[in-house]
Asker: 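Sharing a structure, written as structure tokens. Questions coming.
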Amino acid sequence: MTDPRILTVRPEPDEYAWTFGGAAPVARVAPGTVLDLFTEDCFAGRVRSEKDLVSEVCAFPFLNPQTGPFHVEGAEPGDTVAVHFVSIEPARDWAASTTVPLFGALTSTHATASLQPPLPERVWIWELDRARRTALFRARDNEFERELPLEPMHGTVGVAPANLEVRSALVPDAHGGNMDTPEMRAGVTCYLGVNVEGALLSLGDGHARQGEGETCGVAVECAMNTVVIVDLLKGVATPWPRLESDTHIASTGSARPLEDAFRISQADLVRWLVSDYGFSELDAYQFATQTVESPLANVCDTNYTCVAKLRKEWLPARETYRGVHARLREAARALRD
């Protein structure tokens with residue numbers, strides 16, 4: 001990419017989107033544009049100390065603010081937007097994680113109701129050492145401390161849904177949204193199927209790190225300075241969000257119950273092998289069964305998200321998505337140089 005177009009966006013507090021669909025675009029961008037973005041954390045920056053309980057400082061449904069949406073010029077239903085993550089870097093030296101009443105995988109929730117009271121509400125503030133690339137966990141109930149590797153990612157990336165729907169930024173589905181997969185990190189290209197003119201791409205929900213499943217419902221949440229390159233693949237449909245790194249391809253599925261999310265991701269991976277790698281459906285089914293890795297993304301959101309990923313070194317040497325990942329990776333390298 002020669003002389004890339006770079007758009008820098010640092011939203012004011014009242015300039016975030018809280019939904020996918022239903023929000024006016026903040027800018028129009030041509031394919032190939034580099035977006036240099038600030039994204040606020042899922043609490044809109046309101047949880048800053050152990051005393052800042054979510055139930056007191058945050059107002060539902062104003063959680064998970066998104067930077068965007070961006071109207072991608074030329075994008076139409078049936079196309080695919082490619083989003084390559086050049087860099088994802090914490091914007092602060094701290095991050096927050098919490099328990100939230102009636103939210104998480106190991107507590108009573110609105111969807112899984114019981115007569116048990118919600119778990120106690122508690123906040124952990126994590127210290128981030130951006131130079132040393134570490135995140136410090138401090139236990140609340142004893143003196144235990146542990147430095148863990150900084151592994152920045154975006155929990156939420158998506159486009160406007162189909163069928164005139166407007167979805168909360170807390171919800172993952174076929175449009176992307178709050179998938180909460182640690183696979184969404186620097187060096188990865190995310191493919192999103194376009195449902196409306198312009199696609200209306202947004203992203204947010206930065207995590208300094210997160211375990212698979214996001215079990216308590218909250219990762220190590222932090223504001224991010226993120227650089228992405230946005231491209232467009234005309235006439236290429238993507239039914240569910242897909243990811244490509246230098247080493248893997250991956251399909252996602254979001255649904256409840258969890259086994260349906262698993263089935264969606266696995267079936268989409270099989271269909272990807274058929275469409276781009278020359279397999280018959282049954283050969284792809286057999287090959288994927290014996291080679292797939294199936295990390296959980298989240299088991300706490302309105303829909304759960306599963307990932308089905310497969311090593312590229314085990315696949316036929318064929319081009320997928322017109323080779324856009326390799327091209328954007330080189331463009332990202334040129335930006336860093």
Side-chain angles (χ1 to χ4, degrees), residues 1-11 25-40 66-75 79-93 128-133 149-159 176 181-192 194 198-209 222-234 236 238 241-250 312 319-337:
M1 181 183 298
T2 303
D3 190 22
R5 291 154 288 193
I6 300 177
L7 175 65
T8 299
V9 178
R10 302 287 184 267
V26 299
R28 297 175 67 97
V29 298
T33 297
V34 176
L35 299 179
D36 178 3
L37 307 176
F38 173 85
T39 66
E40 186 52 275
Q66 301 298 299
T67 299
F70 298 95
H71 179 113
V72 181
E73 294 178 352
D79 298 338
T80 290
V81 166
V83 183
H84 183 80
F85 289 87
V86 179
S87 62
I88 305 173
E89 294 296 330
R92 300 176 180 134
D93 291 328
L128 308 182
D129 190 323
R130 292 181 284 182
R132 296 176 53 245
R133 313 299 295 171
L150 200 62
E151 296 180 350
M153 52 164 281
H154 271 282
T156 306
V157 183
V159 295
T181 171
E183 305 292 332
M184 201 77 70
R185 55 185 181 267
V188 166
T189 302
C190 176
Y191 302 112
L192 297 162
V194 176
L200 300 183
L201 169 72
S202 301
L203 66 157
D205 191 24
H207 297 173
R209 63 169 296 114
C222 67
M224 290 291 181
N225 291 317
T226 293
V227 177
V228 300
I229 307 174
V230 179
D231 211 340
L232 178 65
L233 292 154
K234 294 294 296 178
V236 176
T238 300
R242 292 173 175 174
L243 308 175
E244 184 179 359
S245 69
D246 290 349
T247 59
H248 289 77
I249 62 170
K312 291 164 77 172
E319 188 175 82
T320 189
Y321 281 94
R322 299 174 183 164
V324 71
H325 171 74
R327 179 165 52 80
L328 295 181
R329 179 191 60 202
E330 292 306 310
R333 183 172 297 149
L335 278 176
R336 291 191 294 267
D337 293 343

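Only this structure's heavy atoms are used, side chains among them; waters, hydrogens and symmetry mates stay out.
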Asker: So K312 and I249, do their side chains get closer than 4.5 Å, heavy atoms only?
Answerer: yes
Asker: Is any side-chain heavy atom of L335 less than 4.5 Å from a side-chain heavy atom of I229?
Answerer: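 They are in side-chain contact.
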Asker: Restricting to non-hydrogen atoms, name the atom on P31 and the atom on L232 that form the minimum distance, rounded to 0.1 Å.
Answerer: CG-CB, 3.8 Å
Asker: Flag the pair H325 / D246 as yes when at least one side-chain heavy-atom distance between them is below 4.5 Å, and no otherwise.
Answerer: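 When only atoms from C-beta onward are counted, D246 and H325 do touch, with a gap below 4.5 Å.
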Asker: Can you check whether F38's main-chain N or O pairs, donor with acceptor, with T67's side chain at less than 3.5 Å?
Answerer: yes
Asker: Got F70 and V230 here, is their nearest side-chain heavy-atom distance under 4.5 Å?
Answerer: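 No, too far: nothing below the 4.5 Å cut-off.
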Asker: Which pair of heavy atoms, one from L128 and one from A208, lies closest together, and at what distance?
Answerer: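 The answer is CD2-CB, 4.0 Å.
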Asker: Between V86 and V34, is any pair of side-chain heavy atoms under 4.5 Å apart?
Answerer: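 In short, these two side chains do not touch, never coming nearer than 4.5 Å.
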Asker: Could you check whether any side-chain heavy atom of H84 comes within less than 4.5 Å of a side-chain heavy atom of D231, counting everything from C-beta outward?
Answerer: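 H84 vs D231: side chains apart.
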Asker: Quick one: list whatever passes side-chain hydrogen bond (donor to acceptor under 3.5 Å, both in side chains) with R185, sequence neighbours left out.
Answerer: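 So R185 forms a side-chain hydrogen bond (donor to acceptor under 3.5 Å, both in side chains) with E183.
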Asker: Using modelled atom types and a 3.5 Å cut-off, is there a donor and acceptor pairing between side-chain atoms of R133 and backbone atoms of E151?
Answerer: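 Checked: no pair found.
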Asker: Looking at P69 and S202, what are the two nearest heavy atoms and their distance?
Answerer: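 Taking P69 first and S202 second, the nearest heavy atoms are CA-OG, 3.1 Å.
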Asker: Would you check if V157 and F85 make a side-chain contact, meaning some heavy-atom pair closer than 4.5 Å?
Answerer: yes
Asker: Measure the shortest side-chain to side-chain distance between C222 and H207 over non-hydrogen atoms and say whether it is less than 4.5 angstrom.
Answerer: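 The answer is no; the side chains never approach within 4.5 Å.
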